Number of protein chains: 2
Amino acid sequence: MPRRPSKAELEFLRTYNADEFPHPSVSVDVALLTARGDALEVFLVRRTEHPYKNDWSLPGGFVQLEESLEDAAARLLEAKTGLREVFLEQLYTFGAVGRDPRTRVISVAYYALVPLEQLAKLTVSDARGLMPVTEALQTALAFDHNAILERTLDRLRGRVEYSPIGFELLPTQFTLRELQTLHETILGKKLNKDAFRRKILARGQLEATGELEVGMGFRPAEYYRHARSGKAG
Amino acid sequence: MPRRPSKAELEFLRTYNADEFPHPSVSVDVALLTARGDALEVFLVRRTEHPYKNDWSLPGGFVQLEESLEDAAARLLEAKTGLREVFLEQLYTFGAVGRDPRTRVISVAYYALVPLEQLAKLTVSDARGLMPVTEALQTALAFDHNAILERTLDRLRGRVEYSPIGFELLPTQFTLRELQTLHETILGKKLNKDAFRRKILARGQLEATGELEVGMGFRPAEYYRHARSGKAG
DNA sequence: CAAATAGTGTCTGTTAGACACTATCAC
DNA sequence: GTGATAGTGTCTAACAGACACTATTTG
């Protein structure tokens with residue numbers, strides 16, 4: 001965006017009135033997912049105000065004038081969960097006219113992925129906490145948040161086909177069995193052990209740590225980690 | 001969104017003031033692509049007002065209170081091109097703080113695909129018309145429209161891997177060679193003729209028309225059409 | 001030892017690339 | 001006939017699924 005404002009343009013900007021006509025408002029909603037065992041869970045907040053008072057909702061809020069959309073999503077996520085620097089990606093923008101009964105609100109939805117261990121310090125209460133995704137989908141969430149959650153899972157299914165994105169939801173170190181089980185949960189189908197192992201390793205994104213599971217009652221698997229997690233040796 | 005407004009909620013909504021604090025504005029920008037020969041072209045409009053006066057831009061405009069995002073995109077597209085019922089899909093939402101020098105404007109970008117023949121009636125002038133995509137990318141477009149165009153091409157490349165989406169850009173009937181050439185243009189690489197033919201036909205989305213090219217100077221190819229174009233054959 | 005899973009080797013079916021070949025038009 | 005492309009058949013390489021087998025732990 002190379003700007004070279006002319007005199008006429010500067011005058012135009014000086015007299016520009018942004019509020020000549022009513023605008024839709026813009027909010028950001030974040031679907032934060034994690035994995036507990038082999039189940040996906042989503043972070044929900046119980047609404048304390050109308051509309052949808054007392055219903056579960058995705059954490060969200062209005063975009064401020066001086067922050068980008070991604071900054072807004074990160075800000076909201078930190079405010080509600082204390083998390084910083086998690087995987088965060090824009091999902092879709094929901095703009096149906098009646099999606100918010102207060103006024104016209106357009107919501108830019110993001111989704112975030114985080115290992116459960118990072119949520120350990122999270123204060124869970126009746127007002128906020130993790131709910132299994134399968135349960136959340138059967139719950140009437142506030143606004144169109146069921147649709148946002150469904151689209152998040154669609155996106156996750158698509159991503160999983162091309163990259164072992166599951167590690168975003170797992171601890172730093174994990175066995176291939178754990179990763180496979182997670183992928184099976186996301187995709188909703190069983191995967192072939194041999195093929196999964198070969199495909200995942202062939203991508204070269206995972207590296208063996210040399211460490212083994214302990215106390216499993218059977219042959220321990222080796223721990224792997226994502227190659228980009230650049231912890232030396 | 002099953003609503004069951006309580007008395008308290010109705011009172012809340014009655015007194016809700018949507019304009020308590022300044023909002024970002026929301027616009028929609030549309031990247032309309034078509035194919036001329038084996039080159040992609042994009043529809044651009046020359047801006048008549050500040051900012052970026054006289055620069056080329058994607059057609060766009062503000063979202064009205066009572067229309068959905070997709071409705072807004074379709075409305076704008078029809079207003080600037082006269083086109084209706086074209087392929088239209090949400091691309092991404094651009095919300096950097098400084099992307100519009102007037103005020104904070106968040107743009108929900110859409111992209112549209114249309115055969116060149118449907119643009120035949122389009123009034124082309126110094127102020128609006130088609131520009132080859134390669135040229136547009138080297139031109140300084142208004143706002144962040146270069147980024148929108150680049151992301152559109154990324155999306156198109158991704159789509160082409162999974163469906164013969166090229167027919168959205170071609171006339172109703174087309175030969176497999178035309179479709180292949182278009183895919184090669186989009187992907188920027190040569191494709192194998194035999195493999196392309198098998199892969200595309202195996203998807204079962206194209207049907208042969210029985211009609212042949214004429215006057216090609218070589219063996220004429222058969223015309224195909226997309227199976228969903230339900231012209232009784 | 002048994003039980004259970006880790007990890008590897010191999011066969012098979014599918015698919016894309018490569019190549020060769022025949023078919024059909026304009027000239 | 002020549003030149004050019006359409007369209008098909010077949011071989012091959014890559015790869016995923018399936019299965020079998022060995023390896024390694026706990027108890």
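Chain letters run A, B, ... following the sequence lines, proteins first and then strands; every chain starts at 1. Note that the structure is a prediction, hence the values are computed from the model and not measured.
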Exercise. Return the set of residues passing side chain to side chain contact (heavy atoms under 4.5 Å, CB included) with A/L113 (not counting sequence neighbours), or none when no residue passes.
Key: A/L33, A/F87, A/Y111, A/L156, A/I165, A/E168, A/L169

Quiz prompt | Residues that A/A74 engages under side chain to side chain contact (heavy atoms under 4.5 Å, CB included), provided they are two or more places apart | solution = A/L88

Length of the line joining [X]:[atom1] and [N]:[atom2], which is rounded to integer Å:
{"X": "A/E222", "N": "D/dT25", "atom1": "CD", "atom2": "C1'", "value": "15 Å"}
{"X": "B/E161", "N": "C/dA16", "atom1": "CD", "atom2": "P", "value": "12 Å"}
{"X": "B/I200", "N": "C/dG17", "atom1": "CD1", "atom2": "P", "value": "12 Å"}
{"X": "B/K199", "N": "C/dA18", "atom1": "NZ", "atom2": "P", "value": "12 Å"}
{"X": "B/L201", "N": "D/dG7", "atom1": "CG", "atom2": "C1'", "value": "10 Å"}
{"X": "A/F196", "N": "D/dC15", "atom1": "CZ", "atom2": "C1'", "value": "16 Å"}
{"X": "A/R203", "N": "D/dA16", "atom1": "CZ", "atom2": "C1'", "value": "12 Å"}

Practice problem: Scan for ring-ring contact (aromatic ring centres under 6.0 Å, His included) pairs involving residues 186-205 of chain A, sequence neighbours excluded, and state none if there are none. | Solution: A/H183-A/F196

Quiz prompt | Selection: residues 176-193 of chain A, any non-hydrogen atom under 4.0 Å of DNA chain C | solution = A/R177, A/K193

Quiz item: Start at the 5' end of DNA chain D and walk down; is the nucleotide closest to B/Y224 or to A/M216 reached first?
Solution: B/Y224

Practice problem: Report the residue (A/A195 or A/G217) whose heavy-atom-nearest nucleotide on DNA chain D is the more 5′ of the two. | Solution: A/A195

Practice problem: Examine D/dG7: is either OP1 or OP2 under 4.0 Å from a nitrogen or oxygen in the side chain of B/R197? Give yes or no. | Solution: yes

Practice problem: Remember a base hit wins even if backbone is also touched, and classify A/E213 as base, sugar-phosphate or nothing at under 4.0 Å, heavy atoms. | Solution: nothing

Quiz item: Does B/R219 make a side-chain donor-acceptor contact with the base of D/dA4, cut-off 3.5 Å?
Solution: no

Exercise. Determine whether any donor atom in the side chain of A/R198 lies under 3.5 Å from an acceptor atom in the base of C/dG9, or the reverse, and answer yes or no.
Key: no

Exercise. Please identify each residue that fulfils salt bridge (Lys or Arg N to Asp or Glu O under 4.0 Å) with B/K121, with sequence neighbours left out.
Key: none

Practice problem: Answer yes or no: is there an ion pair linking B/E213 with B/R177, defined by an N-O contact shorter than 4.0 Å? | Solution: yes

Quiz prompt | salt bridge (charged side-chain N to carboxylate O under 4.0 Å, His left out), paired with B/D29, selected from B/K80, B/R99, B/R151 | solution = B/R99

Exercise. Enumerate the residue pairs fulfilling side-chain hydrogen bond (donor to acceptor under 3.5 Å, both in side chains) with a member in residues 33-44 of chain A, sequence neighbours excluded, ordered by first and then second residue.
Key: A/R36-A/E41

